[in-house]
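The structure appears below as C-alpha coordinates.
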Amino acid sequence: MPELPEVETVRDGLARHVLGRVVEHVEVLRDYSVRRQVGGPGAFVGWVTGRRLEAAVRRGKYLWLLLDAGEPDGRGGDVRDSALMAHLGMSGQLLVRAPGSEPVVAPHLRVRLTLDDGGHLDFVDQRTFGHLAVTDLVPTDDGAPGGLGSPVAALPEPARHIARDLLDPALDRPALVAAVRRKRTGIKRALLDQTLVSGIGNIYADEALWRARLHYARPTDTLRRGEVERVLDAATQVMTQALAAGGTSFDALYVNVNGASGYFDRSLAVYGQAGRACSRCGTLVRRDEFMNRSAFTCPMCQPRPRRGRW
DNA sequence: ACCGGTCCCTGTTAGC
DNA sequence: TGCTAACAGGGACCGG
(Lines give C-alpha, C1' and ligand atoms only; values in the text may rest on other atoms or scores of the structure.)
Protein backbone atom coordinates (compact mmCIF):
# COMPACT_ATOMS: atom_id res chain seq x y z
CA MET A 1 0.00 0.00 0.00
CA PRO A 2 1.65 3.19 -1.06
CA GLU A 3 2.44 5.47 1.84
CA LEU A 4 5.11 8.15 1.88
CA PRO A 5 8.17 5.95 1.13
CA GLU A 6 6.48 4.21 -1.78
CA VAL A 7 5.20 7.46 -3.27
CA GLU A 8 8.65 8.99 -2.88
CA THR A 9 10.14 6.01 -4.70
CA VAL A 10 7.72 6.69 -7.55
CA ARG A 11 8.49 10.42 -7.52
CA ASP A 12 12.20 9.72 -7.73
CA GLY A 13 11.66 7.31 -10.62
CA LEU A 14 9.55 9.83 -12.51
CA ALA A 15 12.13 12.56 -11.90
CA ARG A 16 14.79 10.36 -13.45
CA HIS A 17 12.77 8.96 -16.37
CA VAL A 18 10.08 11.28 -17.69
CA LEU A 19 11.10 14.87 -17.07
CA GLY A 20 11.54 16.93 -20.21
CA ARG A 21 9.25 14.66 -22.23
CA VAL A 22 6.19 16.03 -23.99
CA VAL A 23 2.90 14.14 -23.75
CA GLU A 24 1.78 13.43 -27.31
CA HIS A 25 -1.30 11.33 -26.68
CA VAL A 26 -3.60 10.54 -23.76
CA GLU A 27 -5.98 7.62 -23.36
CA VAL A 28 -8.41 7.41 -20.44
CA LEU A 29 -9.51 3.78 -20.29
CA ARG A 30 -11.53 4.15 -17.09
CA ASP A 31 -13.39 7.40 -16.45
CA TYR A 32 -13.55 6.69 -12.72
CA SER A 33 -9.78 7.06 -12.50
CA VAL A 34 -10.13 10.77 -13.40
CA ARG A 35 -13.32 11.31 -11.36
CA ARG A 36 -11.94 14.38 -9.61
CA GLN A 37 -11.01 16.11 -12.86
CA VAL A 38 -12.87 19.39 -13.26
CA GLY A 39 -14.53 19.18 -16.68
CA GLY A 40 -14.35 15.40 -16.84
CA PRO A 41 -12.22 12.99 -18.88
CA GLY A 42 -12.30 15.18 -21.99
CA ALA A 43 -10.82 18.09 -20.08
CA PHE A 44 -8.15 15.79 -18.66
CA VAL A 45 -7.05 14.75 -22.14
CA GLY A 46 -7.16 18.36 -23.35
CA TRP A 47 -5.06 19.72 -20.49
CA VAL A 48 -2.36 17.05 -20.67
CA THR A 49 -1.91 16.62 -24.42
CA GLY A 50 1.04 18.62 -25.75
CA ARG A 51 2.38 19.59 -22.34
CA ARG A 52 5.95 19.07 -21.20
CA LEU A 53 6.61 17.34 -17.86
CA GLU A 54 8.89 19.71 -15.97
CA ALA A 55 9.32 18.52 -12.37
CA ALA A 56 8.20 15.67 -10.14
CA VAL A 57 6.96 16.80 -6.73
CA ARG A 58 5.53 15.05 -3.68
CA ARG A 59 3.90 16.05 -0.42
CA GLY A 60 2.72 13.21 1.80
CA LYS A 61 1.03 10.67 -0.44
CA TYR A 62 0.22 13.18 -3.17
CA LEU A 63 2.45 13.31 -6.21
CA TRP A 64 2.42 15.70 -9.14
CA LEU A 65 4.23 16.56 -12.35
CA LEU A 66 4.53 20.26 -13.13
CA LEU A 67 3.34 21.06 -16.63
CA ASP A 68 4.77 23.75 -18.86
CA ALA A 69 2.47 26.59 -19.88
CA GLY A 70 1.81 25.09 -23.29
CA GLU A 71 0.53 27.13 -26.19
CA PRO A 72 -1.05 30.49 -25.43
CA ASP A 73 -4.77 30.02 -25.27
CA GLY A 74 -5.41 32.51 -28.04
CA ARG A 75 -7.88 34.47 -25.95
CA GLY A 76 -5.28 36.66 -24.33
CA GLY A 77 -5.83 35.11 -20.94
CA ASP A 78 -3.11 33.95 -18.60
CA VAL A 79 -2.06 30.36 -18.94
CA ARG A 80 -1.88 29.35 -15.31
CA ASP A 81 0.66 27.11 -13.71
CA SER A 82 -0.77 23.64 -13.54
CA ALA A 83 0.15 20.11 -12.60
CA LEU A 84 -0.76 16.54 -13.40
CA MET A 85 -1.61 15.28 -9.93
CA ALA A 86 -1.74 11.64 -8.87
CA HIS A 87 -2.92 9.88 -5.75
CA LEU A 88 -2.12 6.17 -5.84
CA GLY A 89 -4.83 5.13 -3.39
CA MET A 90 -4.05 1.62 -2.24
CA SER A 91 -3.09 -0.10 -5.48
CA GLY A 92 -2.09 2.63 -7.94
CA GLN A 93 1.13 2.37 -9.94
CA LEU A 94 2.81 4.75 -12.36
CA LEU A 95 4.78 2.59 -14.74
CA VAL A 96 7.32 4.02 -17.15
CA ARG A 97 7.53 1.99 -20.35
CA ALA A 98 10.79 2.57 -22.19
CA PRO A 99 10.76 3.71 -25.81
CA GLY A 100 10.67 0.74 -28.13
CA SER A 101 9.56 -1.67 -25.43
CA GLU A 102 6.70 -4.04 -26.07
CA PRO A 103 3.44 -2.19 -25.37
CA VAL A 104 2.29 -4.05 -22.27
CA VAL A 105 -1.43 -3.92 -21.70
CA ALA A 106 -1.74 -4.52 -17.98
CA PRO A 107 -5.08 -5.94 -16.84
CA HIS A 108 -5.83 -2.82 -14.79
CA LEU A 109 -4.47 -0.13 -17.06
CA ARG A 110 -6.61 2.97 -16.43
CA VAL A 111 -4.77 5.85 -18.14
CA ARG A 112 -1.96 5.81 -20.68
CA LEU A 113 0.19 8.77 -21.67
CA THR A 114 2.26 8.40 -24.83
CA LEU A 115 5.44 10.48 -24.68
CA ASP A 116 7.40 12.14 -27.47
CA ASP A 117 10.29 9.71 -27.04
CA GLY A 118 7.99 6.82 -27.91
CA GLY A 119 7.71 5.62 -24.32
CA HIS A 120 4.60 5.48 -22.16
CA LEU A 121 3.60 6.51 -18.68
CA ASP A 122 0.89 4.09 -17.55
CA PHE A 123 -1.43 4.53 -14.59
CA VAL A 124 -2.37 1.03 -13.48
CA ASP A 125 -4.75 0.65 -10.53
CA GLN A 126 -6.51 -2.56 -9.60
CA ARG A 127 -8.77 -1.28 -6.82
CA THR A 128 -9.35 2.17 -8.34
CA PHE A 129 -9.00 4.15 -5.12
CA GLY A 130 -6.33 6.16 -6.86
CA HIS A 131 -6.93 8.97 -9.32
CA LEU A 132 -5.30 11.46 -11.67
CA ALA A 133 -6.30 15.07 -12.35
CA VAL A 134 -4.88 18.19 -13.94
CA THR A 135 -5.26 21.13 -11.58
CA ASP A 136 -4.15 24.69 -10.99
CA LEU A 137 -1.39 25.35 -8.50
CA VAL A 138 -2.20 27.49 -5.48
CA PRO A 139 0.28 29.16 -3.11
CA THR A 140 1.39 27.34 0.04
CA ASP A 141 0.46 28.92 3.35
CA ASP A 142 4.06 29.73 4.27
CA GLY A 143 5.62 30.41 0.89
CA ALA A 144 8.14 27.58 1.27
CA PRO A 145 8.41 25.06 -1.57
CA GLY A 146 5.37 22.88 -1.99
CA GLY A 147 7.05 19.56 -1.38
CA LEU A 148 10.04 17.39 -2.13
CA GLY A 149 11.28 18.11 -5.64
CA SER A 150 9.32 21.34 -5.96
CA PRO A 151 10.92 24.41 -7.50
CA VAL A 152 7.87 26.50 -6.62
CA ALA A 153 5.93 27.46 -3.50
CA ALA A 154 2.66 26.01 -4.69
CA LEU A 155 0.37 22.99 -4.37
CA PRO A 156 -2.27 21.41 -6.59
CA GLU A 157 -5.62 22.82 -5.54
CA PRO A 158 -7.10 19.46 -4.40
CA ALA A 159 -4.04 18.89 -2.18
CA ARG A 160 -3.97 22.33 -0.57
CA HIS A 161 -5.26 20.94 2.73
CA ILE A 162 -2.46 18.36 2.96
CA ALA A 163 0.04 19.13 5.73
CA ARG A 164 3.79 18.88 5.30
CA ASP A 165 5.24 15.43 5.87
CA LEU A 166 7.98 14.21 8.21
CA LEU A 167 10.64 14.25 5.49
CA ASP A 168 9.88 17.84 4.47
CA PRO A 169 12.76 20.16 5.48
CA ALA A 170 10.25 22.99 5.94
CA LEU A 171 8.18 21.04 8.50
CA ASP A 172 7.79 22.93 11.79
CA ARG A 173 8.27 20.07 14.27
CA PRO A 174 7.61 21.97 17.50
CA ALA A 175 4.38 23.32 16.02
CA LEU A 176 3.39 19.80 14.98
CA VAL A 177 4.05 18.40 18.45
CA ALA A 178 1.91 21.15 19.96
CA ALA A 179 -0.86 20.58 17.42
CA VAL A 180 -0.95 16.84 18.18
CA ARG A 181 -1.27 17.54 21.90
CA ARG A 182 -4.13 19.99 21.30
CA LYS A 183 -6.15 17.30 19.52
CA ARG A 184 -8.86 15.43 21.36
CA THR A 185 -8.56 12.04 19.75
CA GLY A 186 -6.42 8.90 19.86
CA ILE A 187 -2.77 9.04 18.79
CA LYS A 188 -3.21 6.71 15.83
CA ARG A 189 -6.09 8.75 14.43
CA ALA A 190 -3.88 11.82 14.76
CA LEU A 191 -1.00 10.14 12.92
CA LEU A 192 -3.38 9.22 10.09
CA ASP A 193 -4.81 12.76 9.86
CA GLN A 194 -3.27 14.11 6.65
CA THR A 195 -4.17 17.69 7.57
CA LEU A 196 -2.01 17.41 10.70
CA VAL A 197 1.01 15.58 9.28
CA SER A 198 0.92 13.80 5.94
CA GLY A 199 2.34 10.62 4.48
CA ILE A 200 1.59 8.19 7.32
CA GLY A 201 -0.84 5.35 6.60
CA ASN A 202 -1.96 2.30 8.53
CA ILE A 203 1.31 0.41 8.13
CA TYR A 204 3.74 3.07 9.30
CA ALA A 205 1.38 4.28 12.02
CA ASP A 206 1.38 0.82 13.60
CA GLU A 207 5.13 0.40 13.16
CA ALA A 208 5.88 3.83 14.65
CA LEU A 209 3.60 3.23 17.64
CA TRP A 210 5.27 -0.13 18.33
CA ARG A 211 8.72 1.47 18.16
CA ALA A 212 7.59 4.26 20.49
CA ARG A 213 5.84 1.78 22.82
CA LEU A 214 2.57 3.67 22.63
CA HIS A 215 -0.92 2.21 22.30
CA TYR A 216 -3.00 3.50 19.39
CA ALA A 217 -5.84 4.57 21.67
CA ARG A 218 -3.73 6.85 23.89
CA PRO A 219 -5.58 10.17 24.02
CA THR A 220 -3.44 12.83 22.37
CA ASP A 221 -4.16 15.32 25.14
CA THR A 222 -2.58 13.01 27.73
CA LEU A 223 0.67 12.57 25.81
CA ARG A 224 3.80 14.22 27.12
CA ARG A 225 5.76 16.32 24.68
CA GLY A 226 8.53 13.71 24.72
CA GLU A 227 6.10 10.92 23.87
CA VAL A 228 4.84 12.77 20.80
CA GLU A 229 8.42 13.47 19.76
CA ARG A 230 9.26 9.80 20.26
CA VAL A 231 6.48 8.56 17.97
CA LEU A 232 7.22 11.18 15.33
CA ASP A 233 10.91 10.24 15.43
CA ALA A 234 9.92 6.58 15.11
CA ALA A 235 7.71 7.31 12.12
CA THR A 236 10.47 9.32 10.49
CA GLN A 237 12.95 6.49 11.05
CA VAL A 238 10.74 3.67 9.83
CA MET A 239 9.78 5.59 6.70
CA THR A 240 13.39 6.54 6.02
CA GLN A 241 14.40 2.89 6.32
CA ALA A 242 11.55 1.80 4.08
CA LEU A 243 12.58 4.38 1.52
CA ALA A 244 16.14 3.09 1.56
CA ALA A 245 14.72 -0.38 0.90
CA GLY A 246 12.64 0.82 -2.01
CA GLY A 247 9.28 0.95 -0.29
CA THR A 248 7.04 -1.63 1.29
CA SER A 249 5.12 -4.16 -0.72
CA PHE A 250 2.84 -6.98 0.33
CA ASP A 251 1.32 -8.63 -2.63
CA ALA A 252 2.70 -7.17 -5.85
CA LEU A 253 -0.21 -4.74 -5.98
CA TYR A 254 2.35 -2.05 -5.46
CA VAL A 255 5.43 -1.82 -7.63
CA ASN A 256 7.71 1.14 -8.16
CA VAL A 257 8.01 3.28 -11.22
CA ASN A 258 9.83 0.63 -13.22
CA GLY A 259 7.83 -2.29 -11.95
CA ALA A 260 10.18 -3.55 -9.25
CA SER A 261 8.54 -4.52 -5.96
CA GLY A 262 9.76 -3.15 -2.67
CA TYR A 263 10.83 -5.58 -0.02
CA PHE A 264 10.66 -3.71 3.27
CA ASP A 265 7.70 -5.81 4.38
CA ARG A 266 10.14 -8.42 5.62
CA SER A 267 11.11 -5.96 8.34
CA LEU A 268 7.65 -5.17 9.70
CA ALA A 269 7.47 -5.64 13.46
CA VAL A 270 3.70 -5.71 14.02
CA TYR A 271 1.74 -4.77 10.91
CA GLY A 272 0.11 -7.91 9.54
CA GLN A 273 1.94 -10.00 12.15
CA ALA A 274 -1.01 -11.12 14.33
CA GLY A 275 -0.16 -14.30 16.24
CA ARG A 276 3.58 -13.93 15.68
CA ALA A 277 5.96 -13.23 18.53
CA CYS A 278 6.97 -9.64 19.26
CA SER A 279 10.66 -9.36 18.39
CA ARG A 280 11.30 -7.39 21.59
CA CYS A 281 9.50 -9.45 24.22
CA GLY A 282 8.05 -12.57 22.60
CA THR A 283 4.43 -11.72 23.43
CA LEU A 284 2.05 -12.55 20.59
CA VAL A 285 1.12 -9.61 18.38
CA ARG A 286 -2.62 -8.93 18.31
CA ARG A 287 -4.97 -7.44 15.77
CA ASP A 288 -7.78 -5.13 16.88
CA GLU A 289 -10.58 -3.63 14.83
CA PHE A 290 -9.89 0.05 14.38
CA MET A 291 -11.77 2.52 12.16
CA ASN A 292 -13.21 -0.39 10.15
CA ARG A 293 -9.65 -1.55 9.54
CA SER A 294 -7.06 -3.02 11.84
CA ALA A 295 -4.50 -2.00 14.39
CA PHE A 296 -1.64 -4.31 15.29
CA THR A 297 0.08 -4.05 18.67
CA CYS A 298 2.24 -5.94 21.10
CA PRO A 299 0.02 -6.09 24.21
CA MET A 300 3.07 -6.13 26.48
CA CYS A 301 5.07 -3.30 24.88
CA GLN A 302 1.96 -1.23 24.14
CA PRO A 303 -0.51 -1.67 27.00
CA ARG A 304 -3.98 -0.31 26.37
CA PRO A 305 -4.68 2.87 28.37
CA ARG A 306 -7.52 2.76 30.90
CA ARG A 307 -9.27 5.61 29.16
CA GLY A 308 -8.59 5.18 25.48
CA ARG A 309 -9.81 7.12 22.49
CA TRP A 310 -10.07 5.72 19.06
C1' DA B 1 -14.33 23.94 14.27
C1' DC B 2 -13.77 19.52 15.40
C1' DC B 3 -14.61 14.70 15.59
C1' DG B 4 -16.10 10.15 14.27
C1' DG B 5 -18.71 7.12 11.15
C1' DT B 6 -19.75 5.62 6.38
C1' DC B 7 -18.92 4.70 1.76
C1' DC B 8 -16.44 4.34 -2.53
C1' DC B 9 -13.89 0.34 -5.48
C1' DT B 10 -12.10 -4.62 -6.92
C1' DG B 11 -9.68 -8.93 -6.35
C1' DT B 12 -8.17 -12.44 -3.17
C1' DT B 13 -8.89 -15.51 0.44
C1' DA B 14 -11.27 -17.90 4.13
C1' DG B 15 -15.07 -20.52 5.40
C1' DC B 16 -19.27 -23.14 4.95
C1' DT C 1 -17.04 -27.42 -6.05
C1' DG C 2 -19.36 -23.02 -5.65
C1' DC C 3 -21.03 -19.61 -3.27
C1' DT C 4 -20.76 -15.65 0.12
C1' DA C 5 -18.50 -12.75 3.46
C1' DA C 6 -14.55 -10.63 5.06
C1' DC C 7 -10.71 -7.99 4.07
C1' DA C 8 -7.33 -4.70 2.18
C1' DG C 9 -7.64 1.12 3.17
C1' DG C 10 -7.04 6.72 1.93
C1' DG C 11 -9.85 10.25 1.86
C1' DA C 12 -14.26 12.71 0.58
C1' DC C 13 -18.23 13.59 2.71
C1' DC C 14 -21.75 14.18 6.18
C1' DG C 15 -24.06 14.52 10.61
C1' DG C 16 -23.70 15.72 15.45
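Basis for what follows: all heavy atoms, side chains included, without hydrogens, waters or symmetry-related copies. Chain letters run A, B, ... following the sequence lines, proteins first, then strands; residues in each count from 1.
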> More 5' along DNA chain B: Arg293(A) or Lys183(A), using each one's nearest nucleotide?
Replying inline: Lys183(A)
Grab the [atom1]-[atom2] distance between [X] and [N] for me, whole Å please.
| X | N | atom1 | atom2 | result |
| --- | --- | --- | --- | --- |
| Phe290(A) | dC3(B) | CZ | P | 14 Å |
| Glu289(A) | dG5(B) | CD | C1' | 14 Å |
| Arg35(A) | dA12(C) | CZ | C1' | 10 Å |
| Leu191(A) | dG4(B) | CG | P | 14 Å |
| Gln194(A) | dG10(C) | CD | P | 8 Å |

>> If the condition is salt bridge (charged side-chain N to carboxylate O under 4.0 Å, His left out), which residues does Arg35(A) pass it with, not counting sequence neighbours?
In response: none
> Do the non-hydrogen side-chain atoms of Leu94(A) and Leu63(A) ever get within less than 4.5 Å of each other?
Replying inline: yes
Kindly say if [X] contacts the phosphate of [N], meaning a side-chain N or O under 4.0 Å from OP1 or OP2.
| X | N | answer |
| --- | --- | --- |
| Ser91(A) | dT10(B) | no |
| His108(A) | dT10(B) | no |
| Tyr32(A) | dC8(B) | no |

> If you take atom types as modelled and just measure distance, does the side chain of Arg36(A) reach the base of dA12(C) with a donor-acceptor pair under 3.5 Å?
Replying inline: no
> Parallel, tilted or perpendicular for His87(A) and Tyr62(A), by the 30°/60° rule?
Replying inline: perpendicular
> So what does His131(A) hit on the nucleic acid, given a heavy-atom distance under 4.0 Å: a base, only sugar-phosphate, or nothing?
Replying inline: nothing
> Is the number of heavy atoms from other residues, nucleotides or ligands under 6.0 Å of Arg276(A) CZ greater than 12?
Replying inline: no
